[in-house]
2 protein chains.
Amino acid sequence: MTHQKIRNMEEFAAASGLSRPTVSKYFNDPGSVRPSTRERIEAAIEKYDYRPNIFAINQNRKLTKNIGIVVPHLADPFFAEIARKIEQRCIEAGFWPMLFSAYGEKKHENDILDSLRSLRPAGVLLAPLGRASDRAEIEKFCRDVPTVLFDSNIDGLGEAFVGSDNFSFVSQTVEYLTRSGEPPSFFEMRTPANPNANKRRLAYIQMMERLGFEPHVIKVDGEGWEFEEIGKRGALKVLKAGGLPTNAILCSNDRLAIGFLSACYDLEIRVGRGEDCALRVASNDDHPFSKFTCPPLTTAAHDYDSVANCSVETLFELIENGGSFQRRTETLFPARLVLRSSA
Amino acid sequence: MTHQKIRNMEEFAAASGLSRPTVSKYFNDPGSVRPSTRERIEAAIEKYDYRPNIFAINQNRKLTKNIGIVVPHLADPFFAEIARKIEQRCIEAGFWPMLFSAYGEKKHENDILDSLRSLRPAGVLLAPLGRASDRAEIEKFCRDVPTVLFDSNIDGLGEAFVGSDNFSFVSQTVEYLTRSGEPPSFFEMRTPANPNANKRRLAYIQMMERLGFEPHVIKVDGEGWEFEEIGKRGALKVLKAGGLPTNAILCSNDRLAIGFLSACYDLEIRVGRGEDCALRVASNDDHPFSKFTCPPLTTAAHDYDSVANCSVETLFELIENGGSFQRRTETLFPARLVLRSSA
DNA sequence: ATAGAAACTTTACGCGCGGAAAAAATAAGT
DNA sequence: ACTTATTTTTTCCGCGCGTAAAGTTTCTAT
């Protein structure tokens, strides 16, 4: 059972009793050869455990099977989760997903784009940092590589955008909080990293005005991606100062809310919709941990599956389309309100 | 300012007024050419924004500059965090880190190893799934690719192991809980995915016996990587049944503890070291979110930096050593007790 | 100035594969 | 059995770079 080790496609073709171009054809599209030869090749693959040299393939093909996936921060389980779904879909479609995280830093994001360019990917799914992104660099990148933006939109960049409809998030949470009690104040970072945050604030203000209430936006200080810490510190400061304008709080995102709830716990402020509760807290994202906060968080859930699927589908379409669309499309998925005991 | 686009190293060398072999030499080791020619090359790089084709390089070098990083589950911020540190160190050293997550599945882990083999990496840092890993496959992989295991040890596999000293974790938490109150029970999954869990249980039993107390191990049901959910469900069941054997609980890991604390909150059981608290809960790992649980979690912290650094250093040494060590070493880093208000 | 070392150029081959073109073999249909 | 369409083989060239060998230029030190 000791076959001589196959070194390349030439030897593999010889061992299968076929010519190299035929074998090459098979690897590029198994359906393009006669069923009988296909069987012979697949038997030989099984027998010799041969696979073509990926570097030689990528060097010679006009287009590789690589797909770049770039997220702003993998240590945020939200992105880990969506990256997982995207990776899976890419693999199923026969691509090689390559996952990158900017870990919150512009320099790193630029470096990733630089590396990615060298990898000549068939396409890239990019969730940009947002405010911290280097617009010029991304623009340049998008000229070279077919790119679909997701999660975080940057006007005009990429051939398409797929994300969540921030208005749908906020309108549902505001509407629910208002209907089931009092209208909320909005709790957010003063200088949010992510453009979604701005859209959410605007949606909040718009909803409040539509419902005939005065909007209250509470802005807390802090930079970077340590949202829980920023939320907690900000909440402690605001709560200690007394005077929340309302007894309901809508946090811009779940990670801030996690910090907010932690602050409430520290200060022995009971959160929830019970009689004995001083405050209701809701939020947006349905972060994987929001189910386990104390109390569990009422939040507007991303349609993770749809965003991941649609991003991937759009990119595949883009690739088949030769790398560009006539028109840049923006696809937004609505939120689903998840009621838990925090509000 | 419209230079003709440089297509390859030949053209680049011509544009720099040098020969291709010299330029090639530069890219393999910038210090190996005369300072004056180095300057010329670097000026040309700046001017033409040229970089060598990575696929051609990888095809021709005996050893690539790729380094594979494999973790069991990226959606666990613990692994995202450690992966981040490892990636950074690899980049600094001029390597190309490639990050993979098995997302808790054996099949996926095997597929990753398969892909990784094709990428002919200089080395691989592997944190295996543990119990779910396919020992035979990993063993085979380690014969082909220089591999250092980290976080989760599998006896005899890989050229070295770097991780945390589970005894140090548990001994400190048990000792602290005992000293500051009563000795704890141990809360864990019945069939833990990770070998560290077993080591922790054994360490708990050993510590308790050493201190002259009877160990109590509480095992809860559940499979997979949804530790918070498993912890919460298990805790609800145990707590509702009454009869915790002790008023202190040591959870095997922070994610279980997050679930445990969530259950306590639901049942209005006050956790902490205050007079009005019924229970103290401590744990292991210093998960990024353990600072924001309610109450904040007392836990034994991994020395993230040391584990990441040592893993990388060990791999570099392994690579320089030609891919094998005379002796398989195991390096363990002790824990640092982090006191918060949960215990 | 001159020998010797160091750096560079020239030439050439190899890596493993994609892919084109023409010839040969095989299959399908009447 | 014969034509025709399809598939496979043969024979090439090209991709962009690593790398070796031999010859030439440039630097360094006496």
Side-chain angles (χ1 to χ4, degrees), chain A residues 4-45 48-66 94 96 115 117-122, chain B residues 4-45 48-66 94 96 115 117-122:
Chain A
Q4 56 167 30
K5 188 69 188 160
I6 300 289
R7 316 177 60 85
N8 54 38
M9 199 181 278
E10 195 73 53
E11 289 185 17
F12 176 74
S16 344
L18 292 165
S19 72
R20 190 178 66 77
T22 302
V23 171
S24 172
K25 200 148 171 282
Y26 164 84
F27 279 111
N28 286 321
D29 176 7
S32 69
V33 300
R34 201 185 300 152
S36 60
T37 70
R38 177 169 178 173
E39 280 168 26
R40 281 165 70 186
I41 294 175
E42 281 167 357
I45 292 178
Y48 296 103
D49 195 37
Y50 166 78
R51 35 214 80 185
N53 181 307
I54 188 68
F55 301 117
I57 291 176
N58 283 338
Q59 181 177 20
N60 293 308
R61 257 211 263 273
K62 331 151 195 283
L63 220 55
T64 71
K65 284 292 217 172
N66 299 333
W96 284 60
S115 303
R117 207 190 310 259
S118 295
L119 293 171
R120 296 201 352 257
Chain B
Q4 56 167 25
K5 187 71 188 159
I6 301 286
R7 316 176 62 85
N8 54 39
M9 199 180 278
E10 194 73 53
E11 289 184 16
F12 176 75
S16 342
L18 292 165
S19 70
R20 190 176 66 76
T22 302
V23 172
S24 172
K25 200 148 169 282
Y26 164 84
F27 279 111
N28 286 320
D29 177 9
S32 69
V33 300
R34 204 185 297 153
S36 61
T37 71
R38 179 170 177 173
E39 278 168 29
R40 282 165 70 185
I41 295 175
E42 280 167 358
I45 292 177
Y48 296 104
D49 196 36
Y50 166 77
R51 35 215 80 184
N53 180 307
I54 188 67
F55 301 118
I57 291 176
N58 283 338
Q59 182 178 19
N60 293 309
R61 257 212 263 272
K62 328 149 199 284
L63 219 55
T64 71
K65 285 291 218 171
N66 298 333
W96 285 60
S115 302
R117 209 190 309 259
S118 297
L119 293 170
R120 297 204 346 259

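Letters go in sequence order (proteins before strands), and every chain restarts at 1.
Judged by distance alone, with hydrogens and angles left aside, A:N60 brings a side-chain donor or acceptor within reach of the base of D:dG14, the pair sitting under 3.5 Å. Between the side chain of B:R20 and the base of D:dG16 there is no donor-acceptor pair of N/O atoms closer than 3.5 Å.
Not one side-chain nitrogen or oxygen of B:Y50 sits closer than 4.0 Å to the OP1 or OP2 atom of D:dG16. Between A:S24 and C:dG18 there is a side-chain polar atom (N or O) within less than 4.0 angstrom of OP1 or OP2. One finds a side-chain N or O of A:T37 lying less than 4.0 angstrom from the OP1 or OP2 phosphate oxygen of D:dT8.
Residues A:I54 and A:P21 each lie close to DNA chain C; by heavy-atom proximity, the contact nearer the 5' end of the strand is made by A:I54. Heavy-atom nearest nucleotides on DNA chain D were determined for B:I57 and for A:S19, and the one closer to the 5' end corresponds to A:S19. Both B:Q59 and B:R40 sit near DNA chain C, but only B:R40 has its closest nucleotide nearer the 5' end.
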Does the pair B:Y26 and B:L18 meet the rule for a side chain to side chain contact (heavy atoms under 4.5 Å, CB included), with working shown? CA-CA 11 Å; B:Y26 164 84; B:L18 292 165; over 6 Å; no
Verdict with supporting geometry, B:R20 and B:N8, side-chain hydrogen bond (donor to acceptor under 3.5 Å, both in side chains): CA-CA 10 Å; B:R20 190 176 66 76; B:N8 54 39; over 6 Å; no
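Nucleotide C:dA24 holds its C1' atom 13 Å from the CZ atom of A:R34, rounded to whole Å. If you take CG of B:N53 and P of C:dG16, they are 16 Å apart, rounded to a whole angstrom. Look at CZ on B:F12: it is 10 Å from P on D:dC17, rounded to the nearest Å. For the pair A:F55 CZ and D:dG18 C1', the interatomic distance rounds to 14 Å; values are reported in whole Å. Separating the NZ atom of B:K62 from the P atom of C:dG14 is a distance of 15 Å, rounded to the nearest angstrom. Per the geometry, CD belonging to B:E11 stands 10 Å off P belonging to D:dC15, to the nearest Å. At whole-Å resolution of the value, CG in A:L119 and P in D:dG16 are 16 Å apart. Rounded to a whole Å, the CE atom of B:M9 is 14 Å from the C1' atom of D:dC15.
Summarising the geometry, atom OH belonging to B:Y50 is positioned 9.5 Å from atom OG belonging to B:S16; distances are rounded to the nearest 0.5 Å.
A donor-acceptor pair is defined here as one N or O able to donate and one able to accept, closer than 3.5 Å; no such pair exists between the side chain of B:D29 and the backbone of B:K25. The closest donor-acceptor contact from the side chain of A:R120 to the backbone of A:R61 lies under 3.5 Å.
Across all strands shown, B:N28 has heavy atoms under 4.0 Å from sugar-phosphate atoms exclusively, and none from any base.
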